[in-house]
Enquirer: 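Would you mind keeping the following structure in view while I ask a few things?
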Amino acid sequence: MVVVSDFDAIVIGAGIQGSYTAYHLSKNSKTLLIDQFALPHSRGSSHGQTRIIRKAYSKTCYTHMMTECYQLWKQLEAEANVELFRQTGLLVLGQEEDPDFQCVKSTLVDNKVPMMTLTSADFSTRFPAIRLPKEVSAILDETAGILYADRALKTLQDLFRRFGGTIRDGEKVVEIHPGSLVAVTTTTGIYRAKSLVITAGPWTNKLLNLVGLQLPLKTLRIIVCYWKEKVPGTYGISKGFPCFLRMFSSAFQHHFYGLPSNEYPGLMKVCYHNGNDSDPDERDIAFRLPSQDVNLLSDFLSKEFPGLDPKPAVIEYCMYTNTPDLDFILDHHPDHRNIIIGAGFSGHGFKLAPVVGKVLSELCIGKKPSYDLSPFKIHRFSFKSLL
Ligand SMILES: Cc1cc2nc3c(=O)[nH]c(=O)nc-3n(C[C@H](O)[C@H](O)[C@H](O)COP(=O)(O)OP(=O)(O)OC[C@H]3O[C@@H](n4cnc5c(N)ncnc54)[C@H](O)[C@@H]3O)c2cc1C
């Protein structure tokens, strides 16, 4: 086994959160980024061509962070000379009496985010391919759009290397020894550093088990469906069709969201914001199609998106790691201050990765975080210390 001991920081997990953290750290610190799989891979939460970026949130803390996120995404585009963001706008569709819908609306208004409220007449003129139920209202977050996810991940990892960072992929972390120097053992080597960041997505609790901690995280397998346009281009990005978020007030019915057809010609990505409990190492084992989630999507699309064939044309998989309140965990390990945890991104973390990476890197080097992290502390939950 190779022993290398001279890193300032080690980041475990080269998904979007770990890669952004490593990128920020590499500007001033000697940093090692480790992933269990050969990169790129499609086993975690950050793969795929696209993600939605938006300021429309029901909680103001995220809308605040998004201001800097947009700037940092733009800075990354400039540094690497690649396009990572395309503005499309986001339709938020929900019932006036739904408190969450009201919160999204007031967060946009209070934060002076460019937005529009559409009357039903405006809506049917502008979006004739959506059949909006009478009781549903529409607002448009004009700042929103699409992030090119796979490209963003590769860009960050390339820049990280360019700034002197080291990536060890295809190396699974199997042991962690806390201390003033943290020692990390992988299937290939032993590495030591002054601090460690754990951004292991759905594998977080498996890694935290190595450092005596278990968090209330639920890992879900998400079915990513693409639906064929009956007339190609009806919901196309080149025709100016926006992303959408269809909210429901019932606690039993999760949101649907979609992105204009773009990544696969003639296919629109529409997903259900929920899935089945699943161990990330068993994601593809023992599942049956059509699942209940695909049926829910089919039913929804038949009613409200009549221009799509309500049978999925392509199905892919991804993982969510949910906290009980769906807010992130960005904190020190309760017993080891030089171990930092970024987890529980609850299906909405990609767009926020520039700021997540920034605050995790600040915690890592002992700097005061740029944001109030109280909503993201571990102590808001009862957690299990295994010590
Ligand atoms: C279908 C889907 C749609 C989504 N849509 C949106 C969206 O529109 N907008 C948005 O903002 N967000 C969205 N998200 C959420 C977003 O993609 C995730 O929040 C984000 O990708 C989480 O990244 P991560 O780095 O925490 O996890 P991951 O990408 O899972 O990365 C964790 C990494 O840790 C590595 N690892 C784990 N254990 C070990 C070990 N023992 N040793 C070494 N390496 C290890 C893994 O291999 C993995 O690469 C979506 C997610 C899904 C699944």
Side-chain angles (χ1 to χ4, degrees), residues 42 47-54 56 83-94 116 118-134 136-152 222-248 253-275 289-318 347 350-351:
S42 57
H47 60 282
Q49 289 186 42
T50 54
R51 293 290 187 279
I52 297 173
I53 175 168
R54 60 184 154 100
E83 187 195 13
L84 300 175
F85 166 65
R86 180 149 170 188
Q87 192 169 358
T88 62
L90 170 91
L91 280 171
V92 184
L93 309 170
M116 208 183 273
L118 297 162
T119 64
S120 63
D122 290 342
F123 189 88
S124 44
T125 312
R126 224 172 132 181
F127 303 108
I130 305 180
R131 205 183 281 149
L132 202 62
K134 264 207 263 345
V136 175
S137 300
I139 49 179
L140 184 71
D141 169 358
E142 295 176 42
T143 66
I146 285 173
L147 286 170
Y148 294 111
D150 284 340
R151 201 188 292 167
I222 304 298
I223 300 180
V224 182
C225 295
Y226 294 81
W227 310 80
K228 191 170 175 203
E229 293 167 312
K230 290 176 184 164
V231 177
T234 307
Y235 303 95
I237 199 162
S238 52
K239 297 236 172 106
F241 198 82
C243 299
F244 77 86
L245 178 65
R246 175 71 165 90
M247 302 176 73
F248 291 89
Q253 171 74 67
H254 296 268
H255 307 336
F256 297 111
Y257 59 90
L259 294 80
S261 65
N262 176 37
E263 51 201 272
Y264 299 131
L267 302 187
M268 184 178 184
K269 174 154 115 181
V270 185
C271 303
Y272 188 45
H273 192 46
N274 195 26
L289 283 174
S291 77
Q292 203 198 343
D293 296 348
V294 176
N295 292 338
L296 279 170
L297 277 158
S298 278
D299 192 43
F300 161 68
L301 292 175
S302 308
K303 289 183 192 137
E304 298 189 21
F305 283 71
L308 294 175
D309 180 354
K311 202 168 73 182
V314 172
I315 293 184
E316 296 171 356
Y317 300 95
C318 192
F350 203 98
K351 67 182 90 55

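Since the structure is predicted, the reported quantities are computational estimates derived from the model, not experimental observations. For the single chain, residues carry numbers from 1 onward in sequence order.
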Enquirer: Please round to the nearest 0.5 Å and tell me the distance separating atom CZ of Arg151 and atom CD of Glu83.
Expert: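 With rounding to 0.5 Å, CZ (Arg151) is 6.0 Å from CD (Glu83).
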
Enquirer: Please identify each residue that fulfils side chain to side chain donor-acceptor pair (under 3.5 Å) with Lys230, with sequence neighbours left out.
Expert: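 With neighbours one apart ignored, the set is empty.
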
Enquirer: Taking atom OH of Tyr272 and atom CD of Gln292, what is their separation to the nearest 0.5 Å?
Expert: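 Rounded to the nearest 0.5 Å, the OH-CD separation comes to 7.5 Å.
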
Enquirer: Look only at the side chain of Arg51 and the backbone of Lys351, and say whether a donor-acceptor pair between them is shorter than 3.5 Å.
Expert: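 Answer holds: no.
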
Enquirer: Would you say the side chain of Ser261 lies within less than 4.5 Å of the side chain of Phe241, judging by non-hydrogen atoms?
Expert: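 No - every pair of side-chain heavy atoms lies 4.5 Å or more apart.
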
Enquirer: The criterion is side-chain contact (heavy atoms from CB on, under 4.5 Å); which residues satisfy it with Thr119, sequence neighbours excluded?
Expert: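 Thr119 satisfies side-chain contact (heavy atoms from CB on, under 4.5 Å) with Ala121, Asp122 once adjacent residues are dropped.
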
Enquirer: Let me see the working for Leu296 and Asn274 under side chain to side chain contact (heavy atoms under 4.5 Å, CB included), right down to the final yes or no.
Expert: CA-CA 11 Å; Leu296 279 170; Asn274 195 26; over 6 Å; no

Enquirer: Partners of Phe85 by ring-ring contact (aromatic ring centres under 6.0 Å, His included), sequence neighbours excluded?
Expert: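 Listed in chain order: Tyr70.
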
Enquirer: Under the side chain to side chain donor-acceptor pair (under 3.5 Å) rule, collect the residues that match up with Glu316, sequence neighbours excluded.
Expert: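 Residues passing side chain to side chain donor-acceptor pair (under 3.5 Å) with Glu316: Tyr264.
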
Enquirer: On a heavy-atom basis, which atom in Met268 and which in Leu259 lie closest, and how many Å separate them?
Expert: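 Scanning both residues completely, I find the closest heavy atoms to be CG-O, 3.1 Å.
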
Enquirer: Kindly write out the residues that satisfy salt bridge (Lys or Arg N to Asp or Glu O under 4.0 Å) with Arg246, not counting sequence neighbours, or none if the list is empty.
Expert: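 Salt bridge (Lys or Arg N to Asp or Glu O under 4.0 Å) check on Arg246 returns Glu304.
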
Enquirer: Could you please spell out the steps behind the side chain to side chain contact (heavy atoms under 4.5 Å, CB included) verdict for Leu91 and Phe123?
Expert: CA-CA 10 Å; Leu91 280 171; Phe123 189 88; 3.9 Å; yes

Enquirer: Using a 4.5 Å cut-off on heavy atoms from C-beta on, say whether the side chain of Leu93 contacts that of Phe256.
Expert: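 They are not in side-chain contact.
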
Enquirer: In chain order, what residues pass the salt bridge (Lys or Arg N to Asp or Glu O under 4.0 Å) check against Lys311, with sequence neighbours excluded?
Expert: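 For Lys311 there are no salt bridge (Lys or Arg N to Asp or Glu O under 4.0 Å) partners, ignoring immediate neighbours.
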
Enquirer: Pick out which of Asp309, Leu267, Leu308, Val314 makes a side-chain contact (heavy atoms from CB on, under 4.5 Å) with Trp227.
Expert: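 Option passing the side-chain contact (heavy atoms from CB on, under 4.5 Å) with Trp227: Leu308.
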
Enquirer: Holding to side-chain contact (heavy atoms from CB on, under 4.5 Å), I want the full list of residues that pass it with Thr234, two or more places apart in sequence or in another chain.
Expert: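 With sequence neighbours excluded, Thr234 shows a side-chain contact (heavy atoms from CB on, under 4.5 Å) to Ala129, Glu229, Val231, given in chain and number order.
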
Enquirer: Please name all residues satisfying ring-ring contact (aromatic ring centres under 6.0 Å, His included) with Tyr148, sequence neighbours left out, ordered by chain then number.
Expert: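 By the ring-ring contact (aromatic ring centres under 6.0 Å, His included) rule, Tyr148 matches no residue at all.
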
Enquirer: Can you tell if the side chain of Leu245 reaches within under 4.5 Å of the side chain of Ile52, non-hydrogen atoms only?
Expert: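 Heavy-atom side-chain distance check fails, nothing below 4.5 Å.
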
Enquirer: Working to the nearest 0.5 Å, report the span between CD1 of Ile53 and CG of Leu90.
Expert: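 So the gap between those two atoms works out to 11.5 Å.
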
Enquirer: Thr50: which residues meet the side chain to side chain donor-acceptor pair (under 3.5 Å) condition with it, sequence neighbours left out?
Expert: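 Counting only residues at least two positions away or on another chain, Thr50 forms a side chain to side chain donor-acceptor pair (under 3.5 Å) with Glu263, Lys269.
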
Enquirer: Would you mind reporting whether Val294 and Cys225 have side-chain heavy atoms less than 4.5 Å apart?
Expert: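 Yes, their side chains come closer than 4.5 Å.
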
Enquirer: Using every non-hydrogen atom in the two residues, find where Pro260 and Gly236 come nearest and quote the distance to one decimal.
Expert: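 Here Pro260 and Gly236 meet closest at CB-C, 4.1 Å.
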
Enquirer: Taking only residues two or more places apart in sequence or in another chain, which ones pass ring-ring contact (aromatic ring centres under 6.0 Å, His included) with Phe305?
Expert: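 Phe305: ring-ring contact (aromatic ring centres under 6.0 Å, His included) contacts with Tyr235, Phe244, Phe300.
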
Enquirer: Enter the distance from Leu140:CG to Cys243:SG here, rounded to the nearest 0.5 Å.
Expert: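 Those atoms lie 10.5 Å apart.
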
Enquirer: Which heavy atom of Pro242 sits nearest to which heavy atom of Gly89, and what is that distance?
Expert: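 The answer is CB-O, 3.4 Å.
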
Enquirer: Applying side-chain contact (heavy atoms from CB on, under 4.5 Å), name anything that partners Ile222, two or more places apart in sequence or on another chain.
Expert: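 If we apply the side-chain contact (heavy atoms from CB on, under 4.5 Å) test to Ile222, skipping adjacent residues, the hits are Leu220, Tyr320.
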
Enquirer: So Asn262 and Thr88, do their side chains get closer than 4.5 Å, heavy atoms only?
Expert: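 Answer no - side chains too far apart.
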
Enquirer: For His47, enumerate each residue passing the side-chain contact (heavy atoms from CB on, under 4.5 Å) test, keeping only those at least two apart in sequence or located in another chain.
Expert: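 side-chain contact (heavy atoms from CB on, under 4.5 Å) check on His47 returns Ser42, Asp150, Arg283, Cys318.
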
Enquirer: So Ser291 and Ile223, do their side chains get closer than 4.5 Å, heavy atoms only?
Expert: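 Heavy-atom side-chain distance check passes, below 4.5 Å.
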
Enquirer: For Arg131 versus Pro306, what's the shortest heavy-atom pair and its separation?
Expert: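 The pair with the smallest heavy-atom distance is NH2-CB, 3.4 Å.
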
Enquirer: Measuring from Ser302:OG to Leu297:CG, what's the distance to the nearest 0.5 Å?
Expert: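 Here the interatomic distance stands at 10.5 Å.
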
